[in-house]
Student: 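Before anything else, here's the structure in question.
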Amino acid sequence: AQSVTQLGSHVSVSEGALVLLRCNYSSSVPPYLFWYVQYPNQGLQLLLKYTSAATLVKGINGFEAEFKKSETSFHLTKPSAHMSDAAEYFCAVTPGSGGSYIPTFGRGTSLIVHP
Amino acid sequence: KAGVTQTPRYLIKTRGQQVTLSCSPISGHRSVSWYQQTPGQGLQFLFEYFSETQRNKGNFPGRFSGRQFSNSRSEMNVSTLELGDSALYLCASSQTAGDNEQFFGPGTRLTVL
């Protein structure tokens with residue numbers, strides 16, 4: 001069984017400030033973890049993924065995330081927010097190997113960027 | 001390379017009707033998955049098809065069905081529509097079954113009146 005919890009349905013930051021979106025997971029097997037971004041009226045775009053290699057994962061648009069097994073976390077960060085980062089962000093988990101591939105998504109966090 | 005395309009983008013139906021949504025995966029991708037996205041339930045996995053066979057199925061009633069054609073294009077069908085079926089339906093393609101990297105289409109916005 002697996003689940004994802006995204007803390008905070010809305011996160012508001014000023015342009016240029018640090019972005020931190022929180023994701024905690026539970027999984028009965030070693031997981032693969034993902035962050036997706038969704039802009040209005042669009043599908044999901046993969047930002048980055050963790051697949052049991054390096055624990056610090058760098059993605060597109062300056063985002064990165066760190067897999068912390070002891071904390072069961074996979075928080076998404078970006079040093080300096082841009083107005084164009086305003087969107088919905090989803091964390092997702094799948095079994096790392098074996099079993100059925102059925103991803104579980106968090107409820108999403110809406111990132112609001114103020115000028 | 002063209003991305004995942006979904007048709008139609010918007011659809012309005014009434015309760016009791018049925019609807020068919022279409023998805024064309026990225027060229028060379030053989031796996032297609034479908035998701036339902038609603039404000040109340042978030043993103044939920046519907047099913048995954050690979051080589052014209054359903055490999056995985058989420059927890060949805062039998063009114064939701066799908067199929068995949070030999071060219072990897074996929075359709076999903078919802079029969080006897082209910083108001084609660086109003087949602088954004090997303091299709092995602094990947095190269096192989098169980099591939100953890102999926103590419104999503106823009107979705108079909110279904111409104112049931």
Side-chain angles (χ1 to χ4, degrees), chain A residues 1-10 21 23-25 27 29-53 57 59-60 65 67 74 87-110, chain B residues 2-11 21 23-26 29-50 53-60 87-111:
Chain A
Q2 55 196 30
S3 67
V4 173
T5 301
Q6 290 184 239
L7 296 175
S9 59
H10 295 83
L21 304 182
C23 172
N24 288 90
Y25 71 91
S27 178
V29 299
Y32 287 171
L33 293 156
F34 307 82
W35 275 101
Y36 290 90
V37 61
Q38 185 178 34
Y39 297 99
N41 297 316
Q42 294 187 27
L44 276 66
Q45 180 183 8
L46 181 66
L47 278 175
L48 48 81
K49 62 178 180 179
Y50 165 78
T51 56
S52 73
V57 182
I60 62 172
F67 172 69
F74 190 59
E88 190 86 11
Y89 291 80
F90 294 91
C91 181
V93 62
T94 68
S97 61
S100 298
Y101 169 74
I102 298 180
T104 300
F105 287 85
R107 297 304 299 271
T109 297
S110 178
Chain B
V4 177
T5 58
Q6 292 187 244
T7 57
R9 291 292 314 276
Y10 301 91
L11 205 50
L21 312 181
C23 171
S24 292
I26 291 171
H29 286 194
R30 297 172 59 198
S31 176
V32 173
S33 296
W34 288 90
Y35 299 84
Q36 182 195 64
Q37 185 177 23
T38 61
Q41 299 298 320
L43 267 160
Q44 294 186 288
F45 174 84
L46 279 156
F47 25 66
E48 179 193 18
Y49 286 88
F50 177 75
T53 301
Q54 186 181 93
R55 292 191 73 250
N56 290 297
K57 188 177 190 303
N59 188 26
F60 278 82
L88 181 66
Y89 290 89
L90 293 166
C91 166
S93 77
S94 55
Q95 289 189 326
T96 62
D99 190 338
N100 55 68
E101 183 152 7
Q102 296 186 315
F103 296 83
F104 283 79
T108 294
R109 172 76 62 186
L110 172 64
T111 301

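Naming: A, B, ... by sequence-line order, numbering from 1 per chain. Being a predicted model, the structure only gives us computed values, none of them experimental. Reckoned from all heavy atoms, side chains included, excluding hydrogens, waters and symmetry mates.
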Student: If I measure from the heavy atoms of chain B, does A/Leu44 come under 4.5 Å with its side chain, its backbone, both, or neither?
Tutor: both
Student: Which atoms of A/Gln38 are under 4.5 Å from chain B, going by heavy atoms: the side chain, the backbone, both sets, or neither?
Tutor: side chain
Student: Can any side-chain N or O of B/Arg109 pair as donor or acceptor with the backbone N or O of A/Asn41 at less than 3.5 Å?
Tutor: no
Student: Shortest non-hydrogen contact from A/Ile102 to B/Lys57?
Tutor: CD1-O, 4.0 Å
Student: If you look at every heavy atom in B/Leu43 and A/Phe105, which pair is closest and at what distance?
Tutor: CD1-CD2, 3.6 Å
Student: A/Thr94 versus B/Gln102: any side-chain heavy-atom pair under 4.5 Å?
Tutor: no
Student: Starting at CZ of B/Phe45, measure out to OG1 of A/Thr104 and round the result to the nearest 0.5 Å.
Tutor: 10.0 Å
Student: On a heavy-atom basis, which atom in B/Glu101 and which in A/Lys49 lie closest, and how many Å separate them?
Tutor: OE1-NZ, 2.8 Å
Student: Report which part of A/Thr51 has an atom under 4.5 Å of a heavy atom belonging to chain B: side chain, backbone, both, or neither.
Tutor: side chain
Student: So which part of A/Tyr39 gets closer than 4.5 Å to some heavy atom of chain B, the side chain, the backbone, both or neither?
Tutor: neither
Student: Heavy-atom pairs under 4.5 Å with chain B: which of A/Ala92, A/Gly106, A/Pro103 has the most?
Tutor: A/Pro103
Student: Between B/Tyr89 and chain A, which part of the residue has a heavy atom less than 4.5 Å away: side chain, backbone, both or neither?
Tutor: neither
Student: So for B/Tyr35, is it side chain, backbone, both, or neither that comes closer than 4.5 Å to the heavy atoms of chain A?
Tutor: side chain
Student: Looking at B/Gly107, B/Pro106, B/Ala92, B/Gly42, which one has more heavy-atom pairs under 4.5 Å with chain A than the rest?
Tutor: B/Pro106
